[in-house]
*Asks:* 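Sharing a structure here in structure tokens format.
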Protein chains: 2
Amino acid sequence: MTDTARGSSRRYGTRPTMKDVAARAGVGLKTVSRVVNGEPGVTPDTERRVQEAITALGFRRNDSARILRKGRTASIGLVLEDLADPFYGPLSRAVEEVARHHGALLINGSSAEDPAREQELVLALCARRVDGLVVIPAGDDHRYLAPEIAAGVATVFVDRPAGRIEADTVLSDSFGGSRDAVAHLIAHGHRRIGFIGDQPRIHTAKERLRGYRTAMAAAGLPVDDAWVSLGTTEPERVHTAARAMLDAPEPVTALFAGNNRVTVTLVRVLRQRTAPVALVGFDDFELADLVSPAVTVVAQDAARMGRTAAGLLFRRLEGADEPPRREEIPTRLIARGSGEIRPARG
Amino acid sequence: MTDTARGSSRRYGTRPTMKDVAARAGVGLKTVSRVVNGEPGVTPDTERRVQEAITALGFRRNDSARILRKGRTASIGLVLEDLADPFYGPLSRAVEEVARHHGALLINGSSAEDPAREQELVLALCARRVDGLVVIPAGDDHRYLAPEIAAGVATVFVDRPAGRIEADTVLSDSFGGSRDAVAHLIAHGHRRIGFIGDQPRIHTAKERLRGYRTAMAAAGLPVDDAWVSLGTTEPERVHTAARAMLDAPEPVTALFAGNNRVTVTLVRVLRQRTAPVALVGFDDFELADLVSPAVTVVAQDAARMGRTAAGLLFRRLEGADEPPRREEIPTRLIARGSGEIRPARG
DNA sequence: TAGCCGCTGGACAACGTTGTCACCTGGGGT
DNA sequence: ACCCCAGGTGACAACGTTGTCCAGCGGCTA
């Protein structure tokens with residue numbers, strides 16, 4: 001009798017199942033299931049025998065089979081733009097933490113700001129039958145998600161609203177934050193203020209631009225077209241845009257950066273110039289207080305956004321049957337100095 | 001006849017299966033499977049009928065069932081310390097990118113530097129039957145993983161070695177990097193150099209201390225016990241440790257920081273002091289070049305570590321049957337200025 | 001002593017998919 | 001006219017688990 005022919009031994013790469021455990025413990029299959037799940041109705045003696053068999057065989061319940069049988073996967077998906085971006089680390093971590101409290105695992109993926117990839121990822125997660133999804137949208141049409149949501153996949157959008165679909169959403173107050181930021185610059189005497197932001201198809205970019213325009217209008221200031229530049233956040237582009245504004249015949253005396261990547265690039269640009277230029281950035285970043293001058297920012301609370309989103313998600317999973325909610329997380333202006341620089345001339 | 005009684009309609013929360021698609025298209029179950037998987041042997045006409053049924057019902061293959069049947073999950077697990085830490089973002093992203101190229105999803109979790117939580121997470125991932133694991137260990141005993149590895153779960157440890165178990169490992173050259181960093185300080189005239197590092201149970205902390213001691217010894221310099229402080233990376237503790245070294249009768253004239261959180265805290269401490277103190281940090285961080293003086297660091301390539309680890313993992317999954325490998329990723333000293341500060345006196 | 005109850009344990013089906021195998025149909029060769 | 005072959009198609013079992021339901025057994029009461 002060969003080794004592989006014996007019932008109790010397993011080939012390399014195969015794992016013991018409840019059946020094996022049952023055979024070894026000399027009990028029925030269902031009894032093993034009861035022990036594994038801590039269900040009542042098993043004598044202490046039987047339980048001990050089963051436990052021994054489990055340990056001896058190195059049995060571990062196959063969750064795939066369990067999931068198939070039970071219908072719930074106890075996992076949620078998170079689709080964001082880029083895990084390497086410092087804004088998403090804390091957000092992701094916060095979502096994970098809430099998931100952990102609900103006994104769920106987190107599967108995540110980066111869309112790299114590509115709508116096709118976002119959809120591919122989301123659908124792959126749905127095929128895995130995640131119980132819910134937290135999505136930071138890259139695209140602006142999420143109708144492809146409708147059948148999934150109808151089928152019961154709880155879905156929450158974060159940072160940007162869903163496109164052409166109704167769903168729970170958690171945003172930060174891009175408009176208000178931007179308006180405050182620009183008002184701050186105006187209060188310090190600036191009249192010509194530039195705005196360098198993300199691509200206009202991104203919702204937050206549009207909102208921040210709207211905040212900028214609103215603040216300018218409220219102060220009765222005109223906005224020159226040359227003071228607004230939207231596009232990718234690549235340093236190259238930001239650099240070029242900034243130079244155009246700063247080297248114009250009537251240069252801007254202050255800059256408002258639409259997100260933290262832009263802000264950082266602008267810090268690098270400005271430190272190479274002699275004339276002091278004021279700067280306020282949207283979104284805080286780790287060492288904003290250590291560069292000089294320390295950078296004034298509109299801080300978003302990424303962790304809170306993640307927590308809120310995950311909270312909404314699990315409320316849905318627990319059966320909450322309310323219309324889609326939209327939560328807005330307030331921003332906070334942190335004045336550190338770079339926004340207080342006064343314009344060179346009046 | 002009620003709506004729910006009709007075969008083709010589904011209750012809210014249930015999803016159509018291949019059986020439903022087959023019934024609607026008037027074909028057999030297996031034919032649907034063939035279409036879904038792009039297997040050959042289906043007439044164009046049949047395929048079209050099936051595709052229509054799929055679209056009409058909003059069918060999406062249930063990967064849980066597929067996984068159960070096929071044995072492979074096309075997902076890998078990543079257990080790290082804290083996703084919110086800037087060191088792990090790029091690492092995680094790199095792992096994800098490689099996984100994506102192999103058609104696998106990434107499930108990840110944070111251990112919060114707690115060995116029990118690490119184990120819990122790893123075993124949960126094994127229960128999900130991930131094909132492989134990338135682990136940044138928090139604990140120092142991984143024998144609990146032996147049955148899993150024997151069962152075929154490819155496992156790679158990153159940043160720190162596995163405890164009491166043989167496995168593929170990707171480390172960065174903590175020892176060499178630290179030795180070079182301290183040599184750099186010595187070359188700039190420092191004789192009393194402090195080292196503030198992470199908790200001594202963490203492998204990299206020990207290695208970096210060893211590098212420090214080796215460099216000091218190589219230069220024939222004594223090391224005072226008061227110049228070495230290992231512990232948590234909380235700002236409080238680092239602050240206290242730094243003050244003790246800087247306010248001693250014979251103060252250190254330079255500091256070597258054991259990781260990026262320590263470095264950042266030390267930058268904050270040092271800028272409050274008048275006497276210039278040299279600083280070199282282990283691990284680069286985003287704005288190291290923007291603070292003044294710009295911070296000299298030993299840079300680790302987190303993305304490369306992630307790529308290497310994932311590469312090893314998938315090589316194993318493709319059947320490579322070699323003894324465990326240990327890859328060491330070199331570090332790079334980036335001199336930016338803070339290491340070139342000369343000691344106040346001789 | 002018969003009948004009943006409560007408790008433990010097991011047989012069996014089902015979850016949705018894929019692999020195996022056999023069936024059917026039509027066409028071409030003898 | 002017969003047979004064979006190939007390609008298209010479907011029936012069925014299996015993956016490992018959990019839910020349902022029933023059987024056996026011991027102790028209790030009438």
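Note on naming: letters A, B, ... go to the chains in the order of the sequence lines (proteins, then strands), and numbering restarts at 1 for each one. Just so you know, these numbers come straight off a predicted model, no measurement behind them. These values consider heavy atoms only, across backbone and side chains, with no hydrogens, waters or symmetry-generated copies.
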*Asks:* In whole angstrom, what separates B:Arg72's CZ from C:dG19's P?
*Replies:*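 Spelled out: CZ on B:Arg72 to P on C:dG19 is 14 Å.
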*Asks:* Tell me whether the side-chain N/O atoms of B:Lys70 come closer than 4.0 Å to OP1 or OP2 in C:dG19.
*Replies:*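 For C:dG19, OP1/OP2 do have a side-chain N/O of B:Lys70 under 4.0 Å.
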*Asks:* A:Arg316 pairs by side-chain hydrogen bond (donor to acceptor under 3.5 Å, both in side chains) with which of A:Asp131, A:Thr155, A:Asp168, A:Asp321?
*Replies:*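 The side-chain hydrogen bond (donor to acceptor under 3.5 Å, both in side chains) with A:Arg316 is passed solely by A:Asp168 among A:Asp131, A:Thr155, A:Asp168, A:Asp321.
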*Asks:* Between P on C:dA13 and CZ on A:Arg69, what's the gap in Å once rounded to a whole number?
*Replies:*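 Rounding to the nearest Å, CZ of A:Arg69 and P of C:dA13 are 13 Å apart.
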*Asks:* Considering only D:dA11, C:dG9, C:dT17, which nucleotide approaches the side chain of B:Lys30 most closely?
*Replies:*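 Closest of the options to the side chain of B:Lys30: D:dA11.
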*Asks:* Between C:dC15, D:dG10, D:dT18, which nucleotide gets closest to the side-chain atoms of B:Thr31?
*Replies:*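 Given the options C:dC15, D:dG10, D:dT18, the side chain of B:Thr31 is closest to D:dG10.
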*Asks:* Looking at C:dT18, I'd like to know if its phosphate oxygens (OP1 or OP2) sit under 4.0 Å from a side-chain N or O belonging to B:Asn37.
*Replies:*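 Affirmative; the distance criterion is met.
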*Asks:* How long is the span from the OG atom in B:Ser64 to the CZ atom in A:Arg128, to the nearest 0.5 Å?
*Replies:*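 Answer rounded to 0.5 Å: 8.0 Å.
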*Asks:* Looking only at the aromatic ring of each residue, does the gap between the centers of A:Phe314 and A:His101 stay below 6.0 angstrom?
*Replies:*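 No - the distance between ring centres of A:His101 and A:Phe314 does not fall below the 6.0 Å cut-off.
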*Asks:* Determine whether any donor atom in the side chain of B:Arg34 lies under 3.5 Å from an acceptor atom in the base of C:dG19, or the reverse, and answer yes or no.
*Replies:*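 By the distance-only test, no, there is no pair.
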*Asks:* When you check the phosphate oxygens OP1 and OP2 of C:dG9, does a side-chain N or O of A:Thr43 lie under 4.0 Å from one of them?
*Replies:*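 Result: yes.
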*Asks:* Roughly, in whole Å, what's the span from CZ in A:Arg128 to P in C:dG16?
*Replies:*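 Answer to the nearest Å: 18 Å.
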*Asks:* Regarding B:Val36, tell me which of base, sugar-phosphate or nothing describes its non-hydrogen contacts under 4.0 Å with the strands shown.
*Replies:*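 It contacts nothing in the nucleic acid.
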*Asks:* Using whole Å, what does the distance between atom P of nucleotide D:dG16 and atom CG of A:Leu68 come to?
*Replies:*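 Checked: the CG to P distance equals 12 Å.
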*Asks:* Check whether any side-chain heavy atom of A:Arg60 lies under 4.5 Å from a side-chain heavy atom of A:Arg15, and answer yes or no.
*Replies:*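 SC-SC contact between A:Arg60 and A:Arg15 confirmed.
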*Asks:* Map B:Leu29 and A:Gly41 onto DNA chain C by nearest heavy atom, then report which one ends up closer to the 5' terminus.
*Replies:*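 Result of the comparison: A:Gly41.
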*Asks:* Just to be sure I understand the rule, does B:Thr46 reach a base, reach only the sugar-phosphate, or reach nothing, if contact means heavy atoms closer than 4.0 Å?
*Replies:*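 If one applies the 4.0 Å heavy-atom cut-off, B:Thr46 turns out to touch the sugar-phosphate alone, with no base involved.
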*Asks:* When the distance from CG of B:Asn62 to P of C:dA14 is rounded to whole Å, what number comes out?
*Replies:*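 It works out to 18 Å between those atoms.
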*Asks:* Report the nucleotide, chosen from D:dG19, C:dG19, D:dG16, that has the shortest atom-to-atom distance to any side-chain atom of A:Thr17.
*Replies:*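 Nearest listed nucleotide: D:dG16.
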*Asks:* Provide, to the nearest angstrom, the distance between the CZ atom belonging to B:Arg129 and the P atom belonging to D:dG16.
*Replies:*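 From B:Arg129 CZ to D:dG16 P: 9 Å.
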*Asks:* CD of A:Glu39 versus C1' of C:dC7: gap in Å, rounded?
*Replies:*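 Taking CD of A:Glu39 and C1' of C:dC7, I get 15 Å after rounding.
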*Asks:* Roughly, in whole Å, what's the span from CZ in B:Arg66 to P in D:dT17?
*Replies:*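 From B:Arg66 CZ to D:dT17 P: 21 Å.
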*Asks:* Using only modelled atom types and a 3.5 angstrom limit, is any donor from either the side chain of A:Lys19 or the base of D:dG16 paired with an acceptor on the other?
*Replies:*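 Flag unset: no donor-acceptor pair detected.
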*Asks:* On the nucleotide C:dT17, are OP1 or OP2 found under 4.0 Å from the side-chain N or O atoms that B:Ser33 carries?
*Replies:*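 For B:Ser33, the contact criterion (side-chain N or O under 4.0 Å from OP1 or OP2 of C:dT17) is not met.
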*Asks:* Report the residue from B:Val79, B:Leu91, B:Val135 that forms a side-chain contact (heavy atoms from CB on, under 4.5 Å) with B:Val158.
*Replies:*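 That would be B:Leu91.
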